[in-house]
Amino acid sequence: MSGFVRRLAGIPWRSIAGDALSRVFLVAQAYCAVHVVDQHLCSLAFVRGPSMLPAMNLAGDVVAVDRVSATLGRVAPGDVVLMISPEDPRKSVAKRVVGMEGDSVTYLVDPGSSDASKTVVVPQGHVWVQGDNPYASRDSRQFGAVPYGLITGKIFCRVWPLEGFGPIDSNQS
């Protein structure tokens, strides 16, 4: 046998393969843990657009989203929620909850051009959501009450930009 083959035969291949496999499993476990935390406990989301002015910046904010509250039904009027858009299921939108099932909600039909208002009762299993900026928000005034199942989490904290770091005001509307 040549010296090269002898050296190859002396390498502890089983030990190396075992170490490599255990590291692959460790990375897979870490990935699973991150996925579970992100999808079911708490995650970050980038929210931008004019509909939530002045609570959120037009250029965008990175916000922390509590996913447990929505799952346990602990969303209340005044909370800002992240939800799947009823108009485009590929988009997530941030809106403020104005009414829960059974609540009567009075809203301006077209705040830009008239003072006409309308009152609706939120159906069972639904919530009424509106943007803080009534002049630039597509919300329940256009598409009606939203099924509670579309809510993916409650926004509780602005993370970025740093000068706005802190809790999201739940009393604003």
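Looking only at side-chain heavy atoms (C-beta outward), Met52 and Arg96 come within less than 4.5 Å of each other. Met83 has its side chain within reach of Val129: a pair of non-hydrogen atoms, C-beta onward, lies under 4.5 Å apart. A heavy-atom distance below 4.5 Å is found between the side chains of Phe165 and Cys157. With a 4.5 Å cut-off on side-chain heavy atoms, Ile155 and Met56 count as touching. Put simply, the side chain of Leu53 does not reach to within 4.5 Å of the side chain of Asp132, judged on heavy atoms. Between Val65 and Lys154 the shortest side-chain heavy-atom distance does not fall below 4.5 Å. You'll find the side chain of Tyr107 stays beyond 4.5 Å of the side chain of Ser117, heavy atoms only.
Contact detail for Val97 and Val127: the closest heavy-atom pair is CG1-CB, 4.5 Å. Closest non-hydrogen pair, Pro86 versus Val146, comes out as CG-CG2, 4.1 Å. Nearest heavy-atom pair across Val159 and Ala64 is CG2-N, 3.9 Å. Between Val122 and Met100 the shortest heavy-atom distance is CB-O, 3.3 Å. Val62 and Leu44 get closest at one heavy-atom pair: CG1-CB, 4.3 Å. In this structure, Gly60 and Arg48 approach most closely via the heavy-atom pair CA-CB, 3.6 Å.
Using a distance-only test at 3.5 Å, with no hydrogens or angles considered, a donor-acceptor pair links the side chain of Asp139 to the main chain of Arg141. In this structure, the side chain of Thr152 engages the main chain of Leu82 through a donor-acceptor pair within 3.5 Å. Between the side chain of Asp66 and the backbone N or O of Val68 there is at least one donor-acceptor pair closer than 3.5 Å. With hydrogens and angles disregarded, a donor-acceptor distance shorter than 3.5 Å links the side chain of Asp61 to the backbone of Asn57.
Following chains of ILVMFWY side-chain contacts shorter than 4.5 Å, one can reach Ile84 starting from Val93, so the two form part of one hydrophobic cluster.
A distance of 6.0 Å separates CZ in Phe143 from OG in Ser85, rounded to the nearest 0.5 Å. Thr71 OG1 to Ile151 CD1: the interatomic distance, rounded to the nearest 0.5 Å, is 10.5 Å. The CG atom of Leu150 lies 10.0 Å from the OG atom of Ser92; values are rounded to the nearest 0.5 Å.
For the 3.5 Å distance criterion, the side chains of Lys95 and Ser140 fail to qualify, holding no donor opposite an acceptor. Remark: the Ser22 side chain and the Asp19 side chain contain no N/O donor-acceptor pair separated by less than 3.5 Å. The closest side-chain donor-acceptor pair between Arg138 and Ser51, if any, does not fall under 3.5 angstrom. Between Ser104 and Thr119, the side chains place no donor N or O within less than 3.5 Å of an acceptor N or O (distance only, hydrogens not considered).
Ring pair Phe46/Trp160: centre-to-centre distance not below 6.0 Å.
Dense packing is recorded around CD of Glu87, with more than 12 heavy atoms of other residues, nucleotides or ligands lying under 6.0 Å away. Atom CG of Asp88 has more than 12 neighbouring heavy atoms from other residues, nucleotides or ligands inside a 6.0 Å radius.
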Derivation and outcome, side chain to side chain contact (heavy atoms under 4.5 Å, CB included), residues Ser69 and Phe156: CA-CA 10 Å; Ser69 293; Phe156 67 93; over 6 Å; no

Could you go through the side chain to side chain contact (heavy atoms under 4.5 Å, CB included) check for Val75 and Val81 one step at a time? CA-CA 8 Å; Val75 173; Val81 295; 3.7 Å; yes

Glu101 and His126: side chain to side chain contact (heavy atoms under 4.5 Å, CB included), yes or no, with the steps? CA-CA 6 Å; Glu101 63 182 52; His126 290 67; 5.8 Å; no

Could you check Asp103 against Val121 for side chain to side chain contact (heavy atoms under 4.5 Å, CB included), going step by step and ending with a plain yes or no? CA-CA 6 Å; Asp103 291 350; Val121 175; over 6 Å; no

